[in-house]
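All remarks here apply to the structure that follows.
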Amino acid sequence: MKLVYLVLDGAAGDPNLGKTAYMIADKPNLDSLAYKGKCGLMYVIGKGIAPESDAAVLALLGYDPINEHPGRGPIEALGVDIELKEEKEVAFRGNFATVDPLTKKIIDRRAGRGINKEEANELASLIDGIQLLNGKGYAKVKATVGHRVVVVLGHKEKQLGDEVSNTDPAYERRGKVSVALENFDATIKPCIPLNQDEKNRITCELVNEFTERAIKILSSSKVNESRLKNGMLPANAILLRDAGTGKAKMKDISAMYSNLKFSALTEMPVEKGIAKAAGMKMIDVSSISGERKHVYEQWALKTIEALSVSDVVYVHLKGPDEPGHEGNLKLKTKIIEDIDKYYLGSIVKYLEKEDIAILVTSDHATPCEKKAHSDSPVPFLLYSKNFSDGDRIKRFDEVECKSGSFGLISEGKNLLKTVLSFLKML
C-alpha cells in the first residue's frame, strides 16, 4: 500500500485559547477522512516544546531532531542549491527585518511580511559579496521566499565554527535546534561564542560586522526609500539564526523504512533541504503559481503523478502558517477550506480508486492568538479504504481527535513508523 503524507504547515491551533481554524473551517473531505479513518493527537517534538519548522519536519519523517539534526543553516543552503565549503563557510537562516538603525531596536522581525520577490532579490544583491574582516572574510546572501534569506559567511584563511548564538532575539539556540521564546528583548543581539573554540570566535566577528554593514547598506537603499514612501516598513536589517557548517548530512530515509521509495513536494527552502538530504526524489512545483484553486489542483496532480514512482509521497503545504503568524483566523480558515476543496477534493477521489492511504497532520500549531508556534499537540488522521471501521470522529480538529484510536503520541518521531507498521497489518 502506498501513502500520501500531507503536512498542513501551522494549521493547528490551541483550543484552550479559543476556537481554532480546524474547528471553524468547512472541510468536508478532512472531516469525512477523520470519520472513516483512525485519528489521534501528537506532540511533534515533545510536551512543552514549541517546535520550529526544521526540527518539526525532521521529527515527522522519523529522525531524532535533537541528536540527528544537520543544522538549519546547511539545510536551508542545500534547499537553495548552495554548497558549503567544509569549515571555511558557515550558513545561517536569516530574516529581512525592520530596525531602528541607531539603537538596533526591532520594529518588525519580518519587515511587515510584505516583501515581494523583486525587492528581496535587489536587497540581497546589495550585500551579497561584501568583504568582511579587512578582506579576509566575505558574505553570500540569497533571498528565498518573502522575508527569508540564506546567509553564508566565509573566511579565506581560517576555519569557522558554528557553535554561536543567534542575533535574532526571538529564538534561543539549544544545540542544533532553536526554540521560539514567548518573551524577549526586541533588540538585535550580538553574536557570541557558545564555547571558547577560536573557530567560533572568528564566526562571531564575521556575524557582528556583517550585521552592522547590512544595516548601513540596506537603510540607504532605493528599495527601502520606495517602501517608506509607500507607507511600508523598510527591510533594513538581517536577523540570523541556526548557524551550521559543512554539508547537511542525514541517514537515507529509504534505508530507514525497508527501502520504500520517497518523493517530496515542498515549496520552502528548509523542507526542500531536508528532503534532499534525506534522499527523497524531488518533485518540481516551482512553476506552479496563481490563485489557490489552481495551485492546489496542480499540486494534487503532481502528487498523483509521484505515486506512480514512489511508495510514500511527502507533501508540505505552507499556506495556513502565514495567517497564523499574522493572527488572521479568517484567512487561515479560508486557506484550510481551499486545501480541503481543491487539493483533497482531487486526492480523495484517487484514494478510492487505488490502494493508497493518506496521513494528514501539521508540523506544529500556530495559534492566531499567539501569532507564533506553540507546544500544543496537533491532530492527525490516517485513512485507507481497506479499514473495516473508522473512529467515527465528527470533525477533524484538536478536540475531536483526542478521542481517536491512536490516542496521544508523545513524540512525533514515532508517527511515521507507527503508521507504516499499522498499514502493513491490513
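Count residues from 1 along the sequence. Every value quoted in this text rests on a predicted model; they were computed, and no experiment measured them.
Salt bridge K27/E337: absent, no basic N to carboxylate O contact under 4.0 Å. K371 has no carboxylate O lying under 4.0 Å from a charged side-chain N of E326, or vice versa, which leaves the two without a salt bridge. Remark: E398 does not engage K402 in a salt bridge, criterion side-chain N to carboxylate O under 4.0 Å. For the pair R109 and D168, the salt-bridge criterion is met [side-chain N within less than 4.0 Å of a carboxylate O]. A salt bridge does not link D100 to K105: none of the charged side-chain nitrogens sits closer than 4.0 Å to a carboxylate oxygen.
A side-chain donor-acceptor contact under 3.5 Å links T20 to the backbone of M23.
Judged as a salt bridge (charged side-chain N to carboxylate O under 4.0 Å, His left out), the pairs with a partner in residues 282-292 (not counting sequence neighbours) are, in order, R292-D338. Pairs of residues two or more places apart, or lying in two chains, that qualify as side-chain hydrogen bond (donor to acceptor under 3.5 Å, both in side chains) and include a residue from residues 135-146 are E89-Y138, E89-K140. The stretch residues 225-237 participates, sequence neighbours left out, in these salt bridge (charged side-chain N to carboxylate O under 4.0 Å, His left out) pairs: E119-R227. Residues in residues 357-379 take part in these ring pair (Phe, Tyr, Trp, His ring centres under 6.0 Å) pairs, two or more places apart or across chains: H325-H373, H364-H373.
Between the CD atom in E271 and the OG1 atom in T266 there is a gap of 6.5 Å [rounded to 0.5 Å]. Taking CZ from R173 and CG from N166, the interatomic distance works out to 6.5 Å, rounded to the nearest 0.5 Å.
Not a single ring pair (Phe, Tyr, Trp, His ring centres under 6.0 Å) links Y63 to another residue, sequence neighbours left out. Every side-chain hydrogen bond (donor to acceptor under 3.5 Å, both in side chains) that E212 has, sequence neighbours left out, goes to K104. The side-chain hydrogen bond (donor to acceptor under 3.5 Å, both in side chains) check on K276 picks up D81, with sequence neighbours excluded. Annotation: side chain to side chain contact (heavy atoms under 4.5 Å, CB included) contacts of P190 (sequence neighbours excluded): N208. Considering only residues two or more places apart in sequence or on other chains, Y22 meets the ring pair (Phe, Tyr, Trp, His ring centres under 6.0 Å) condition with F396. F262 meets the ring pair (Phe, Tyr, Trp, His ring centres under 6.0 Å) test with Y257; sequence neighbours excluded.
Side-chain contact of N224 with S221: a donor-acceptor pair under 3.5 Å is present, judged by distance alone. Counted by atom type alone, Q131 and K156 present one or more donor-acceptor pairs between their side chains at under 3.5 Å. Judged purely by distance below 3.5 Å, without hydrogens or angles, the side chains of T303 and Y343 pair a donor atom with an acceptor atom.
Between F92 and V90 the shortest heavy-atom distance is CE1-CG1, 3.7 Å.
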Under 3.5 Å, side-chain donor or acceptor atoms of residues 238-249 against the rest of the protein: list the pairs with distances, not counting sequence neighbours.
from: D242; atom 1: OD1; to: S178; atom 2: OG; distance (Å): 2.3
from: T245; atom 1: OG1; to: D162; atom 2: OD2; distance (Å): 3.4

I'd like a table of donor-acceptor pairs (distance under 3.5 Å, sequence neighbours excluded) in which one partner is a side-chain atom from residues 406-421, with atom names and distances.
from: T418; atom 1: OG1; to: N414; atom 2: O; distance (Å): 2.7
from: S421; atom 1: OG; to: K417; atom 2: O; distance (Å): 2.9

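The shortest distance between side-chain heavy atoms of I336 and I24 does not fall below 4.5 Å.
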